[in-house]
There are 2 protein chains.
Amino acid sequence: MIGAGIKRGTAELAILSVLEEGPLHGYEMARRIEEQTKGALRFTLAALYPMLYRMEQRGWIRGAWETSPSGRRKRCYRLTPAGKKKLSPLRKEWAELFGALKRLTKAAHA
Amino acid sequence: MIGAGIKRGTAELAILSVLEEGPLHGYEMARRIEEQTKGALRFTLAALYPMLYRMEQRGWIRGAWETSPSGRRKRCYRLTPAGKKKLSPLRKEWAELFGALKRLTKAAHA
DNA sequence: GCTTATATATAAGAATCTTACATGTAAGGG
DNA sequence: CCCTTACATGTAAGATTCTTATATATAAGC
């Protein structure tokens with residue numbers, strides 16, 4: 001798995017990305033992120049839940065309690081329009097970061 | 001410039017990368033990182049100096065005070081063998097992270 | 001003499017991660 | 001019926017790494 005040091009800041013993008021597919025609750029988000037990245041990116045739920053609160057406060061996602069017929073409660077999150085709008089520049093920023101790090105490597109080998 | 005949130009953990013790789021070219025002191029490292037990434041990645045010196053201490057304690061770089069003929073002191077850092085060894089797996093880890101984030105995006109558009 | 005560039009350093013605070021702890025429901029096997 | 005595993009959410013303490021602000025000091029150019 002990818003180390004804790006370098007994956008900082010990835011949670012936001014990962015959450016927005018999985019929510020782009022449709023509404024999800026936290027536990028399922030964690031499962032999908034791990035599945036879709038083939039285990040490379042993994043978030044503990046203790047990291048995920050506080051992040052979901054922060055992102056809700058920023059207006060990027062909106063959570064709603066749902067109670068299934070069996071009586072189990074889930075907090076189902078969906079992207080807000082602001083969250084959708086955030087995704088594209090966020091991805092662009094990540095792409096820029098990758099480009100910048102690549103340039104540093106190339107300069108060293110030039 | 002790339003935002004503070006997502007560039008966490010990049011300092012290590014950036015420092016090791018510029019030191020791969022040859023020994024440097026902190027002020028010059030900051031200048032080169034900014035230059036080589038065309039301003040995309042920029043570290044304030046207040047972030048850089050503590051990081052240099054930490055990396056020295058981990059044994060990845062070694063600093064030595066140098067006094068120029070004019071009397072100005074610089075702390076010149078160079079890669080240790082451990083630091084050189086660290087670079088390749090660190091780059092691999094970053095590549096994995098990029099791949100994982102790409103997969104998340106693709107899954108959303110599938 | 002004044003300003004800008006060079007050069008290093010510390011402090012206070014914010015954000016995001018870690019592991020550990022805490023709670024509770026549902027389903028399946030023995 | 002009990003026990004274990006999976007599901008589901010949450011808090012707390014601590015580490016790391018970033019931010020801005022502050023401090024010091026030398027060198028070069030005008």
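Please read these numbers as outputs of a predicted model, since none were measured by experiment. Just so we're on the same page: letters track the sequence lines, and every chain starts at 1.
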Asker: Between C1' on C:dA7 and NZ on B:Lys74, what's the gap in Å once rounded to a whole number?
Answerer: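 My rounded result for the distance is 9 Å.
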Asker: Among C:dA9, D:dC7, C:dA5, which is the nearest nucleotide to the side chain of A:Arg72?
Answerer: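 That would be D:dC7.
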Asker: Side chain to side chain contact (heavy atoms under 4.5 Å, CB included) between B:Lys74 and B:Glu28: does it pass, once the steps are laid out?
Answerer: CA-CA 10 Å; B:Lys74 295 178 188 177; B:Glu28 178 66 12; over 6 Å; no
Asker: Which nucleotide in the list D:dA8, D:dA15, C:dT8 gets nearest to the side chain of B:Trp65?
Answerer: C:dT8
Asker: Counting side-chain heavy atoms from CB outward, which of D:dG10, C:dT10, C:dA7 is closest to B:His25?
Answerer: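 Ranking D:dG10, C:dT10, C:dA7 by closest atom to the B:His25 side chain puts C:dA7 first.
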Asker: Ignoring the backbone of A:Tyr27, work out which of C:dA15, D:dA6, C:dA9 is nearest its side chain.
Answerer: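 Taking heavy atoms from C-beta onward, the closest nucleotide is D:dA6.
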Asker: Within this structure, what is the CD-to-P distance between B:Gln57 and D:dT17, rounded to whole angstrom?
Answerer: 11 Å
Asker: Does any donor atom in the side chain of A:Ser17 or A:Arg91 lie under 3.5 Å from an acceptor atom in the other side chain?
Answerer: yes
Asker: Between atom CZ in B:Arg75 and atom C1' in D:dA25, what is the gap in whole Å?
Answerer: 18 Å
Asker: Let me know the distance between CZ of B:Phe43 and P of D:dT20, rounded to the nearest Å.
Answerer: 13 Å
Asker: Nearest-Å distance, CZ (B:Arg73) to P (C:dT8)?
Answerer: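 The distance from CZ of B:Arg73 to P of C:dT8 comes to 8 Å, rounded to the nearest Å.
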Asker: Using a strict 4.0 Å threshold on nitrogen-to-oxygen distance, state whether A:Lys92 and A:Glu96 make a salt bridge.
Answerer: no
Asker: Roughly how many Å is it from CZ in A:Arg54 to P in D:dT11, rounded to a whole number?
Answerer: 12 Å
Asker: Answer yes or no: is there an ion pair linking A:Arg58 with A:Glu12, defined by an N-O contact shorter than 4.0 Å?
Answerer: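 Here A:Arg58 pairs with A:Glu12 in a salt bridge, since their nearest N and O are under 4.0 Å apart.
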Asker: Write down the distance between OH (A:Tyr49) and P (D:dC7), rounded to a whole number of angstrom.
Answerer: 12 Å
Asker: Considering only side-chain heavy atoms of A:Ala47, which listed nucleotide, D:dT16, D:dT9, C:dT18, is closest?
Answerer: C:dT18
Asker: Does B:Glu35 come within less than 4.0 Å of B:Arg42, counting only side-chain N to carboxylate O?
Answerer: no
Asker: Separation of A:Glu12 atom CD from C:dA14 atom C1', in whole Å?
Answerer: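 Rounded to the whole Å, the gap is 14 Å.
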Asker: Let's see if you can work this out: which of D:dT9, C:dT10, C:dA15 has an atom nearest to the side-chain heavy atoms of B:Tyr53?
Answerer: C:dT10
